[in-house]
K.L.:
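What follows is a structure written as structure tokens; I'll ask about it next.
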Amino acid sequence: MRRPNASKPPGDPANRSGGHDAAPLYAEVALPLRLAQTYTYRLPLALREDACVGARLLVPFGRKLLTGYVVALHEGLDADSGLADSEVKDAEEMLDAEPLLTPEVLEITRWISDYYAAPWGEALKAALPAGLNSAVEQYVSITAAGRDELARLPPRRAVTAKAQLLRLASLSEALALRDAARELGQAKAAKAARELERAGWVTITHRARTAQARAKRRKAVRLLPPDSAATDATRKTAGEPDAGGVSRRRQAASGPDGLTEAQRRVVGALIEGGGELLFAELLETAGVGASVVQTLERRGLVEVYAREVRRDPLAGARLPERDEFQLTEAQAAALSEINGSQARGEYAAFLLHGVTGSGKTEIYIRAMREALRHGRTAMMLVPEISLTPVFSRRLRAHFGDAVAIFHSSLTTGERFDEWRRLRNGEARVVIGTRSAVFAPVSDLGLVVVDEEHESSYRQQESPYYNGRDTAVMRALKERAVVVLGSATPSLETFQNARAGKYRYLRLPDRIAGRAMARAEIVDMRDAFRRAGRPEVFSPELLEAVEETHAGGHQSIILLNRRGYSSFVLCRSCGERYNCPNCDVTLTFHRSERSMVCHYCNLRQRVPEACHACRGPFIHFVGEGTEQIEEILRKKFPALRIARLDRDTTARRSHYEETILSFGAGELDMLVGTQMIAKGHDFPNVTLVGVVSVDAGLAIPDFRAAERAFQLITQVAGRAGRGDAPGRVLIQTYLPHHYALRHACAQDYEAFFDEEIRYRRNLNYPPFVALASLLVHHEDHVRVEATAGTLRRALDEANSDRACRVLGPAPAPLARLRGEHRVQLLIKSRSRPRLRALVEMATAAAAATPGCDPNTVNVEIDPVSLM
Ligand code: ADP
Ligand code: ZN
């Protein structure tokens, strides 16, 4: 039944719906498994009518049923597939009558699967809103023979599971086995169902459970035109055929006097509401009870029906004013380049390199409006952190209902509704995080990737793809214009601009001639010498805080580590408290008096005595955001301080409220991790203090310097966005590090030149293509064996040494969530060779007994090597 036919393009000529003829029809299906190939299934007659490329199909796989995606239809079996008709299994059920996946989405997921060596089915699954990836459920229906059998059973003595199930099945048309299992137990219910089916007393069908992702309906009322023939038909579909309705309606319509006072209020409210209102709204506005409306309905004056209502993530939000400025010269020049390409309707890629506060967002918005003006659609990707309530509202103010917004805290229902509005063309602009790149829009005119350097564009689970690079590819395939924007472009992107692959647009200055904040390094070695002991805050930073608030301004204090202390140590014996599941130290969280693992979230009480030496000298070392907040509150009791990090923002609303009230001046100081560093525009912030970045520079990753440079430049960009100049103080024990020096000078090019030399000398991206194969499993022996197999397979396929293979070696996080982790790295100057090598090696390893492909994460262009 299986055959590797991964090379079939999605848009085959057999891509059609219908097919009333008896000729067999085969569906090529991608399954959401770690499998490279697609599979062929026969479509039974009943399924042919609805068969279409892009729909979901329920298929048997091994002993299970899986939801797959139809990527092609064929009229016959491919002769050279070597597949006999008897080997091909029948598909179970077509889950959609309309294709969910547009040709564009099929195409881009196909590219992901090729480029990132990711299973196509997994990419397709990632492309659909979560609620649509339904689980499969079994339904039991009683047969006529079953009813006879039930009648023969003695009443009330249905004691066996079989009898109980039969009785339950007789009560509904189709009984969900899951519901029966709640009464009978899972195993018993399943066994009974099988036995009943064998006896011919029930039939079992499989259906996808899509409970959450359904349109939401509410009861609504609309006025019917007084005397039109169509009304009768409408009313019948509304579920109330009424033979006497016509004559009575004539009577009622003959004069307004036929209405009571209450009825007149209902009609009045409906007219006021433009002809229709939600049922509940109508009762409230007209001040009547439901019976009044029902009477009017019987008299054929109004119709009660189910109206689809949209779950709007921004419902009720106050929208900001839409401000229309005169663009600056630099903005106008950049916009006209972008719009020039849009007018020509050809693919073009731009890097928009503009310092923070230079007006990039304004350009994005105007360019998106231009795309709409050309009758095309627009897409904007943002890092999760930028989808602030402020920003979403700004977009809504510009685009109204034409904009669909995706972010991770939407409910499944909201997400489904936004997706559907795009799918049916109601929404023509999509803004969202990474996965919005799969938005089901056609006629794409413009793609914007804001803060393109952000590592959150990278998906950190299979399918491992980068949303930014996928966006560029989507623009290329759909002949759209793509704009990558950043104040601190990634090395890869800037290199592409230098090489002429991207056109370079520069916004060198802040809006309104505002100066960049003045950034200074505070040498903590000096501070230590002066104080004679380590201090969290230097006198310089404390003074600056004092001055800022005395002047009525606000400040931001950044430390990229949450918790109270970074590790826990016994002072007597030196015992360190590590996570038993992960290779990291536990972080002390004072508010909950516990030690927490920041990787697996394990929580332990702090012991009274050291578990190694029984001594009482448990000590907390290093500081996190929780501790610096406490210190600042003590030193500045008059300031209104709020902390934002993953601990305080478990509730999304807390994050939003804090950001909004800081913006409104109801708070003086924000303390937090990198989540406060980016995107926000707070004109009254004049001081940014960075408590320390040294830990970030020490991470064993070739991108550590780039990350530190970006973080400091970004957070420095928060200061001085209003009329008062800003100041940035960076505390460090490494004052001469080039990333810090160049970040202080706000000199991107100088940093780039130094960093790119290092990458070239050490053979790192962008000079080589990089792949990582990470093997993970609880069993250390298995990890070693799999990694060894991979290495041998790689060496065999790499006999001409076109690639360089490193490892296997323990990953920097050698243990995580109870699993051992071993890594192989592959570098090559030839991307096709790298890709081919990875494919051959993983296929060879998968074919080796005892080697489980589910324990190997294959990452092309990894952004983090942890
Ligand atoms: P960036 O995205 O580059 O950080 P923004 O687009 O957010 O910059 O602009 C920074 C601030 O300047 C915003 O408050 C924005 O409303 C304002 N702004 C942008 N363009 C102009 C302009 N041409 N004239 C006046 N104000 C502008
Ligand atoms: Zn852990």
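Ligands are counted one by one from 1 in listed order, and the atoms in each one are counted from 1 as well. FYI, side chains are in, hydrogens and waters are out, and symmetry mates aren't considered; it's all heavy atoms of this structure. For clarity, every value in this text was computed on a predicted model and none was experimentally measured.
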K.L.:
For residues 659-669, pull every pair meeting side chain to side chain donor-acceptor pair (under 3.5 Å), keeping only residues two or more places apart or in separate chains.
P.N.:
Arg640-Asp668
K.L.:
Any heavy atom of Gly354 closer to ligand 1 than 4.0 angstrom?
P.N.:
no
K.L.:
Number the atoms of ligand 1 from 1 as they appear, then name those within less than 4.0 Å of a heavy atom of Thr328, with their elements.
P.N.:
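This gives 23 (N) as the contact atoms.
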K.L.:
N/O of Gly359 under 3.5 Å from N/O of ligand 1, yes or no?
P.N.:
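N/O-N/O distance below 3.5 Å exists for this pair.
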K.L.:
Which bit of Gln326 is near ligand 1, meaning a heavy atom under 4.0 Å away: side chain, backbone, both or neither?
P.N.:
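Contact part for Gln326 vs ligand 1: backbone (N, CA, C, O).
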K.L.:
Look up atom CD1 in Ile730 and atom CE in Met524, then write down how far apart they are to the nearest 0.5 Å.
P.N.:
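It is 13.0 Å, given to the nearest 0.5 Å.
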K.L.:
Does the side chain of Arg369 pick up a donor-acceptor pair with the side chain of His398 at under 3.5 Å?
P.N.:
yes
K.L.:
What residue pairs, at least two apart or across chains, pass side chain to side chain donor-acceptor pair (under 3.5 Å) with a residue in residues 682-691?
P.N.:
His553-Asn684
K.L.:
Please work out, at 4.0 Å between heavy atoms, whether the side chain, the backbone, both, or neither of Ile511 comes within that distance of ligand 1.
P.N.:
side chain
K.L.:
If you round to the nearest 0.5 Å, how far is CG of Leu687 from CG of Leu541?
P.N.:
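Here the interatomic distance stands at 6.5 Å.
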K.L.:
Give the atoms of ligand 1, by number and element, whose distance to some non-hydrogen atom of Leu327 is under 4.0 Å.
P.N.:
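Answer for ligand 1: 23 (N).
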